[in-house]
Amino acid sequence: AIFIFQGRYTKEAMRGMVDNPEDRSIATGKMVEAAGGRLISYYVTLGEWDFIVTADLPDQATASAVAMAVAASGGAHASLAIRPVARTVP
């Protein structure tokens, strides 16, 4: 099932990324794969959310566990796992 995650980095995480820039999609992909899923996309965004991730995960419980692991890491807060209602293809 496809899930969309939105979140904001903590101030400490932002400082760390400024001091030591790195591709966060690599760590994100590893976390998703460890949960039995597949990373589809990772975007750094401007505005209310700092990142948006789409991932294919086994179920809602797994998506919730991933969101909780992200929040527990201390690097991000307000991580949400949203199940899209419909998919549109151009």
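Every heavy atom of this structure was used, including side-chain atoms; hydrogens, water molecules and symmetry mates were not. Predicted, not measured: the structure shown is a model, and the values here were computed from it.
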Point to revise | Other cluster members, Tyr43 - Ile/Leu/Val/Met/Phe/Trp/Tyr, side-chain contacts below 4.5 Å | key: none

Practice item. Can you sort out the partners of Glu48 under salt bridge (charged side-chain N to carboxylate O under 4.0 Å, His left out), two or more places apart, ordered by chain and number? Key: none

Review point. What is the minimum heavy-atom distance between Ala13 and Gly75, and which atoms define it?
Key: CB-O, 3.2 Å

Check your understanding: With clusters built from Ile, Leu, Val, Met, Phe, Trp and Tyr whose side-chain heavy atoms come within less than 4.5 Å, directly or transitively, what are the remaining members of the cluster of Leu46, listed by chain and number?
Key -> none

Check your understanding: Which ring-ring contact (aromatic ring centres under 6.0 Å, His included) pairs, counting each pair once, include a residue from residues 7-37, with sequence neighbours left out?
Key -> Tyr9-Phe51

Point to revise | ILVMFWY cluster, Leu39 and Ile52 together (side-chain gap under 4.5 Å) | key: no

Revision key, fill the gap. Sequence neighbours excluded, the answer for side-chain contact (heavy atoms from CB on, under 4.5 Å) partners of Ile40 is Ile2, Arg38, Thr54, Asp56

Practice item. Scan residues 13-42 for pairs that pass ring-ring contact (aromatic ring centres under 6.0 Å, His included), counting only residues two or more places apart or in two chains. Key: none

**Study point:** Within-4.5 Å side-chain heavy-atom neighbours: Phe5 and Val66
**Key:** yes

Would you give me the side-chain donor-acceptor pairs under 3.5 Å for residues 15-22, sequence neighbours excluded?
residue: Glu22; atom: OE2; partner: Arg24; partner atom: NH1; Å: 3.0

Point to revise | side-chain contact (heavy atoms from CB on, under 4.5 Å) against Thr62, all qualifying residues, sequence neighbours excluded | key: Ala35, Leu57, Pro58, Asp59

**Study point:** Rounded distance [0.5 Å steps], CD in Glu33 versus OG1 in Thr28
**Key:** 11.0 Å

Point to revise | Hydrophobic cluster of Met68, others only, ordered by chain and residue number, side-chain cut-off 4.5 Å | key: none

Check your understanding: Hey, quick one: are Ile82 and Met31 part of the same hydrophobic cluster, counting side-chain heavy atoms closer than 4.5 Å, chains of contacts allowed?
Key -> no

Check your understanding: Which pairs pass side-chain hydrogen bond (donor to acceptor under 3.5 Å, both in side chains) with one or both residues in residues 64-76, sequence neighbours excluded?
Key -> Gln60-Ser64

Check your understanding: Are Phe3 and Trp49 connected in a single hydrophobic cluster, I mean Ile/Leu/Val/Met/Phe/Trp/Tyr linked by side-chain heavy atoms less than 4.5 Å apart?
Key -> no

